[in-house]
Number of protein chains: 2
Amino acid sequence: METREKLCRAALDAMNEVGYGRFATEDVAERAKVSRGALTHQFSSRNQLIIAAYDYLMTSWEHGWGQIARYPKRLEPVEVTDLLWNNLYRSPHYVASLEIMLAARNDDELGKGIRAIMVRWSAHRDRLIAQLLGTSASDKKTRQFVQMNLCVLRGIALNPNFSSETSSNVQGKLVEEWKRIVTSDFHFTTKP
Amino acid sequence: METREKLCRAALDAMNEVGYGRFATEDVAERAKVSRGALTHQFSSRNQLIIAAYDYLMTSWEHGWGQIARYPKRLEPVEVTDLLWNNLYRSPHYVASLEIMLAARNDDELGKGIRAIMVRWSAHRDRLIAQLLGTSASDKKTRQFVQMNLCVLRGIALNPNFSSETSSNVQGKLVEEWKRIVTSDFHFTTKP
DNA sequence: ACAAACAAACAGGGTTGTCTGTTTTTATGT
DNA sequence: ACATAAAAACAGACAACCCTGTTTGTTTGT
C-alpha cells in the first residue's frame, strides 16, 4: 500500500481511538509503521494530514455509494433510511469524521479544507439518494426527508456516548422505531 | 461571584469556543480574569477543572428543570419535546457538554468523573419528564419516547456543524417536523 | 498566628515544524 | 543496455513552542 494511504488510514484510526484532543502526528506515523520523516514529506503540516484523511474517508464513502446506486431498483424511503444507517453511521470511522468536523468548527485553516470536501460529498450523497427514490435532489420534500434522516441517525449513532443505558442493542431498537415512523410518514411514489 | 463559579463559567465558554483540543487552563484563567495561581488552588488539575465545569452545567440544568416541574399541568408528549429543545439543546453551553462527553470517551480519569455526573443528571431528567407526562420513569414506552427525543434533538442540534446548508432556520423547520411526528405517533394519556 | 486564597515564576514533558543527510526511483543520453 | 543526473521519498535529529503541574512567596480573613 502506498505511504499516503497508510497514513490516512492510520490517521483515521487514531482519530477514532484517541480523539482530536490527543491526536498526534507521531502516533500516526507509528501506527502506519512509517518514519516521521516520511509523514512530513507527504504532509507539510498536521492540518494537511487531517484534511487528507478526511478526504480519503469521504472518497471511500463516495465509491461505496457509487456501487449501491448501480442497482436499477427504485427504493422506498425506509430502504433509504436503512442504507444510510448501514453504510454511513455504522462506518468504522464515523466517529473520526465527527471529531474532525467538530474540530473544524474552531480552526479556520482546517475548516476551510474540511468544508470544501463536505460540500462535495453532500452533493454526491443527495444526488444518489434522489436517484434511488426516483425524485430530484432539488425537490423540497426529498431534501427535507434526507435532512431529517441524517439528523435522526446522527443522534442515534452518538447515543452510546451520551446515554447511561447499558442494555444491549438500544441503537438497534431506536433505528427500528425510526424506520417505523418513516414507513408511515414519508411517501414519494406517484399514485398508481 | 465566587472564583470557582467564575472559573467554571469561563471553562464552559472556552470549551464552547475553542473545543477540547485547544482548551487550555491558561486561557480559562484569563477569561475568568483570575490568576493562574488562583485556578490551580481551586482545581488541582486540568481534568478536575473540566469535571467541575461539567458538574456546574448539569447542576444548572437540574435547577432549571426543577422550576419547570413545579407547574402542576400535565403535558402532552409534544410539549415535552418542545421543553427538551428549548431548555437543553438550545442551551448556550450545549456544545461544551458535547465536547466534554466526547473527550471523556478516551480519558479514563475524566470519563469516570463525567459518567458519574451524567448518570445523576439522566436520572433527574427522566424522573421529571415522567412526572410531567403523568407516567413512570420505569415505564417502557416512556423510556423509549424519551430516548428517541434525545436522539432526534441531539442530531438536529448538531446539524449546523454537519450540513452545508446555508439557508436560515433549517433547525427550526426540522424541529417542527419532528414535533408533528411526535403529535401523531406518541400517546400516553388514558382515554377520557 | 493560622489557614485559606491568591500571585507569579519555574521546570519538565510532549508535539510540531524545520533541517540535514541518505536511499530509492525515474528520466535521459549514448 | 548502461551510466549518470535529477528528483522524489525516506530517515532521523534538532530547536522552538505551548501547556501543565509544582513550588515558593504574598495577601487576606478569622
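Here is how names work: the chains are called A, B, and so on, in the same order as the sequence lines, proteins then strands, and each is numbered from 1.
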Worksheet item: Restricting to pairs with a member in residues 162-182 of chain A, which pass ring pair (Phe, Tyr, Trp, His ring centres under 6.0 Å), not counting sequence neighbours?
Response: none

Fill in: Smallest separation among heavy atoms of Tyr89(A) and Leu150(A), with atom names
OH-O, 3.1 Å

Fill in: Pairs flagged by ring pair (Phe, Tyr, Trp, His ring centres under 6.0 Å) wherever residues 12-58 of chain A is involved - sequence neighbours left out
none

Worksheet entry | Under the side-chain contact (heavy atoms from CB on, under 4.5 Å) test, residues paired with Ala96(A) that sit two or more places apart | Leu12(A), Met15(A), Asn16(A), His93(A)

Discussion item. Pairing check on dT24(D): which nucleotide meets the Watson-Crick or G-U wobble criteria with it, both distances under 3.5 Å?
Written reply: dA7(C)

Worksheet item: In whole angstroms, how far is the C1' atom of dC6(C) from the NZ atom of Lys6(B)?
Response: 11 Å

Worksheet entry | Non-neighbouring partners of Lys73(A) that pass salt bridge (Lys or Arg N to Asp or Glu O under 4.0 Å), sequence neighbours left out | Glu79(A)

Can you tabulate the close N/O pairs, meaning under 3.5 Å, that link protein atoms to atoms of nucleotides 14-19 of chain C?
unit_1, atom_1, unit_2, atom_2, d
dT15(C), OP2, Glu26(A), OE1, 3.4
dT16(C), OP1, Thr25(A), N, 3.2
dT16(C), OP1, Arg46(A), NH1, 3.3
dT16(C), OP2, Thr25(A), N, 3.1
dT16(C), OP2, Thr25(A), OG1, 2.7
dG17(C), OP2, Arg46(A), N, 3.0
dG17(C), N7, Arg36(A), NH2, 2.4
dG17(C), O6, Arg36(A), NH2, 3.1

Practice prompt. Please find the earliest and latest nucleotides of DNA chain D, in the 5' to 3' direction, that have an atom within less than 4.0 Å of any heavy atom of chain A.
Written response: dA9(D) to dG12(D)

Discussion item. Strictly by salt bridge (charged side-chain N to carboxylate O under 4.0 Å, His left out), give each pair with a member in residues 51-67 of chain A just once, sequence neighbours left out.
Written reply: Asp55(A)-Arg120(A), Glu62(A)-Arg120(A)

Worksheet item: Does Ala10(B) have any side-chain contact (heavy atoms from CB on, under 4.5 Å) partners at least two apart in sequence or in another chain, and if so, which?
Response: Val28(B), Arg31(B), Ala32(B)

Worksheet item: Taking only residues at least two apart or on different chains, which pairs with a member in residues 124-144 of chain B satisfy ring pair (Phe, Tyr, Trp, His ring centres under 6.0 Å)?
Response: none

